[in-house]
Amino acid sequence: MLLTVVGYANYKRHYRLNTLYLKTTILKGFLKILLHLLVVIVLTIVTQVGGIIYLIAILSIKRRSTKRRLKKVALFCGLYFLTTFLLVPVLAPLFGREKIAESKTVKAHSFFYKLANRNYVEPELNKIIFQVANELNQKHPELQFVYLDANFPFIDGFPLLPHLSHNDGKKIDISLVYETKEKILSNKKKSISGYGTYAAPEQNEYDQIAVCKNKGNWQYDFPKYLTFGTINDDLILSKNGTRYLANSILKQKQVGKLFIEPHLKQRLKLNNSKVRFHGCQAVRHDDHIHFQLK
């Protein structure tokens with residue numbers, strides 16, 4: 001009788017342990033799937049193609065393979081670089097877009113914009129970038145046309161977050177022009193990302209930022225959290241350099257709109273009907289210039 005009781009107790013204990021193990025295994029499996037899904041979503045949002053490549057990488061390595069995690073990372077990195085720099089530029093023209101043509105006069109502010117496939121535009125916009133960059137370089141040989149976010153390579157309407165538009169190959173953000181305290185023009189910028197360091201309104205200028213924030217548009221000032229670090233604190237906005245760059249863009253016939261903060265429109269004397277206010281639903285534009293095709 002005693003052995004029976006002991007045996008039953010052991011059975012119940014093993015049953016509870018097995019049940020707990022099963023539940024833990026299921027929970028771990030669910031969390032693992034959730035983590036993979038999160039990675040796919042983030043990579044898709046940031047790079048458009050990264051999520052698909054990640055899925056290919058994790059499904060290509062056998063479950064019982066040794067050093068499986070290391071192999072997945074290596075395979076993902078290899079596939080991603082091959083896809084981004086060899087395959088995507090070939091496929092993008094099928095969707096009416098091409099990579100921004102870099103040269104001694106045109107460059108990305110950060111390698112990230114190229115690595116994340118955020119450097120694609122329609123061919124017409126590529127021509128305009130080339131023309132404006134050459135004109136800027138002829139006037140100021142020390143300056144380059146420095147771009148930030150443009151568009152993804154595929155599919156009209158696919159959002160390039162955190163932007164509200166930038167989804168059709170017709171839009172691009174570019175950096176303001178800065179100079180040193182000695183009035184020497186520079187290609188350097190004030191933040192690592194190129195966004196979030198502002199040429200804020202001066203005392204006698206209209207403060208659209210305050211107006212939008214007072215209306216409850218909390219996101220209007222949000223890019224200050226997207227600098228990824230501030231640098232070159234000694235730089236100041238070059239009014240002459242930025243004005244020349246903006247006017248070079250505005251005189252291009254195929255350019256439909258240019259967005260810049262109202263106080264900078266006033267300060268730079270940009271008296272052109274193409275210069276528009278982007279609206280309080282967007283974010284402030286005194287850290288960059290946005291322009292787009294008609």
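As the structure is a computational prediction, the values presented were derived from the model and not from experiment.
- Salt-bridge check for Lys181 with Asp234: failed, with every basic side-chain N at 4.0 Å or more from each acidic carboxylate O.
- Residues satisfying the ring pair (Phe, Tyr, Trp, His ring centres under 6.0 Å) criterion with Phe291, sequence neighbours excluded, are absent altogether.
- In this view, Phe277 satisfies the ring pair (Phe, Tyr, Trp, His ring centres under 6.0 Å) rule with no residue, not counting sequence neighbours.
- At distances below 3.5 Å, at least one donor-acceptor pair connects side-chain atoms of Asp207 with backbone N or O atoms of Ile209.
- In this structure, Leu86 shares a hydrophobic cluster with Leu82, the cluster being traced through Ile, Leu, Val, Met, Phe, Trp and Tyr side chains under 4.5 angstrom apart.
- Relative orientation of the Tyr220 and His278 rings is parallel, given thresholds of 30° and 60° on the angle between their planes.
- Phe85 and Leu75 fall within a single hydrophobic cluster, where Ile, Leu, Val, Met, Phe, Trp and Tyr side chains are chained together by heavy-atom contacts under 4.5 Å.
- When each of Thr180, Val146, Asn232 is tested with Lys188 by the rule side chain to side chain contact (heavy atoms under 4.5 Å, CB included), just one qualifies, namely Asn232.
- Between Lys170 and Asp168 there is no salt bridge, since no side-chain N of the basic residue sits under 4.0 Å from a carboxylate O of the acidic one.
- Looking at residues two or more places apart in sequence or on another chain, you find a ring pair (Phe, Tyr, Trp, His ring centres under 6.0 Å) between Phe222 and Tyr225.
- No single ILVMFWY cluster, assembled from side-chain heavy atoms under 4.5 Å apart, contains both Leu270 and Tyr198.
- Each of Lys171, His166, Gln48 was scored for a side chain to side chain contact (heavy atoms under 4.5 Å, CB included) with Leu160, with one residue passing: His166.
- In this structure, Ala199 and Leu237 approach most closely via the heavy-atom pair CB-CD2, 4.0 Å.
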Which pairs of donor and acceptor atoms, one on a side chain in residues 36-43, lie under 3.5 Å apart (sequence neighbours left out)?
from: His36; atom 1: ND1; to: Tyr54; atom 2: OH; distance (Å): 2.7

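- The hydrophobic clustering, which links ILVMFWY residues whose side-chain heavy atoms are closer than 4.5 Å, places Val275 and Phe259 apart.
- Under the ring pair (Phe, Tyr, Trp, His ring centres under 6.0 Å) criterion, Tyr80 pairs with Phe76, not counting sequence neighbours.
- To the nearest 0.5 angstrom, Arg243 atom CZ is 12.0 Å from Ser248 atom OG.
- You'll find the side chain of Ile249 reaches within 4.5 Å of the side chain of Ile174, heavy atoms only.
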Salt bridge (Lys or Arg N to Asp or Glu O under 4.0 Å) assessment of Arg97 paired with Asp156: CA-CA 10 Å; Arg97 303 183 194 181; Asp156 284 352; 2.4 Å; yes

